Amino acid sequence: MRKQFAATILVLGLASACGQAEQPAAGGTAAAAAPEITGDVNVYSSRHYDTDLALYDDFTEQTGIRVNLIEAGADALIERIVSEGEYSPADILITVDAGRLWRAEEAGILDSVNSDVLESRIPANLRHPDGLWFGLSKRARVIIYNRQAGKPEGLSSYMDLADPAYSGQICVRSSSNIYNISLLASIVSHYGAEQAEDWTRGVVANFARRPQGTDTSQLEEVANGTCGISIINTYYLARYLASDDPATRTIGEKVAVLFPDQEGYGTHVNISGAGVVKGAPNKDNAIRFIEYLTEETAQEYFANGNNEYPVIEGAAPSSTVVSLGSFREDELNAAQLGQNQAEAIRIFDRAGWQ
């Protein structure tokens, strides 16, 4: 059960399993809307961590600004803000993956923000070029293999996964997974659509089984030897290694990490991020809140809540995340992950990556 925090939490009740947003109530006010009170900031978030709630309370203690929170999946929140239109009480959208932030951008719900604080703290590749969103934490999408079996010979980059030498060894999630879409979008950016499609077909030919499950599933199947190689986000392995359960830790210890493309453009990274909603009733408070989340102490706490990496220089990840190893990250602007999303989906479909 969640710990109790002072932040006002309004958990969304979705209209149906297909993700229909609730419609504004008669008279022009949004259903179950967070209150529009001076001195508040209304946050719509798809992150569900107690550490985030503790940060919201700390922000209130520091500033006197109360945080009102609505939680749901990213797509549901985007649909809700679109449905609420000009009556939306939303000030901030927080979600994971630049691909989802791009969907919010395409829906036209994010406002451009000029903040010297955010521009000085957050690297340019981890924020939108026009200030529509800002990265708050990051994760790497890495290759994993069974530690006992040893590192597969010749494997050092994402592109190597298409080598026929790894036939029957690769387990992955489905092509509909946003993390895989963003990874392929980055490959499109670096190599172009034609070479990205050749790579995708090569990886499909090396599948050990039909794509399925979660990153956790891939980790466990590599650990037990069902698959030789997989691709996961770093925080999944860090969760296993930091677990209080010895059996869970043992599973994590059976897996080794390879940070791809250290001799090339670097390992693919993605973000959790936030954007100010267009027409935000408390825009100044919203900007102040995002700036607060980029302070060093807040960064460490925010990132460690999901075993991620802070985005600002000087803030340290958890010791478990550090234990995964240091690496050079791809400096591709995260906005391109959204811009190439549609092309990545078409490539997945043509290549038969289900």
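The structure displayed is predicted, hence computed values, not measured ones.
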| message | Ring centroids only, cut at 6.0 angstrom: are Trp199 and Tyr158 within range, meaning strictly under it? | response | no

| said: Run the ring pair (Phe, Tyr, Trp, His ring centres under 6.0 Å) test against Tyr309 and tell me which residues pass, sequence neighbours left out. | reply: Phe327

| Any donor-acceptor pair under 3.5 Å linking the side chain of Gln299 with the backbone of Leu136? | yes

| Is the backbone N or O of Ala334 less than 3.5 Å from a side-chain atom of Gln336, with the two atoms forming a donor-acceptor pair by type? | no

| task | Go through Ser182 and Asp97 one step at a time and tell me if the side-chain hydrogen bond (donor to acceptor under 3.5 Å, both in side chains) criterion holds. | result | CA-CA 8 Å; Ser182 290; Asp97 200 280; 2.7 Å; yes

| request: Validate the cation-pi geometry between Arg47 and Phe302: distance from NZ or CZ to the six-membered ring centre under 6.0 Å, angle to the ring axis within 45°. | output: yes

| Should we say atom CG of Asp116 is surrounded by more than 12 heavy atoms from elsewhere, each under 6.0 Å from it? | no

Lys/Arg N to Asp/Glu carboxylate O, [X] vs [Y], below 4.0 Å:
X: Glu343; Y: Arg350; answer: yes
X: Asp215; Y: Arg173; answer: yes
X: Arg209; Y: Glu221; answer: yes

| Any side-chain heavy-atom pair of Val41 and Ile92 under 4.5 Å | yes

| query | Do Asn206 and Gln169 touch side chain to side chain, with heavy atoms closer than 4.5 Å? | reply | no

| message | Consider side-chain hydrogen bond (donor to acceptor under 3.5 Å, both in side chains). Of Glu220, Arg249, Glu253, which one does Tyr240 pass it with? | response | Glu220

| said: If the test is side chain to side chain contact (heavy atoms under 4.5 Å, CB included), which one of Val277, Ile70, Asp91 qualifies with Tyr44? | reply: Ile70

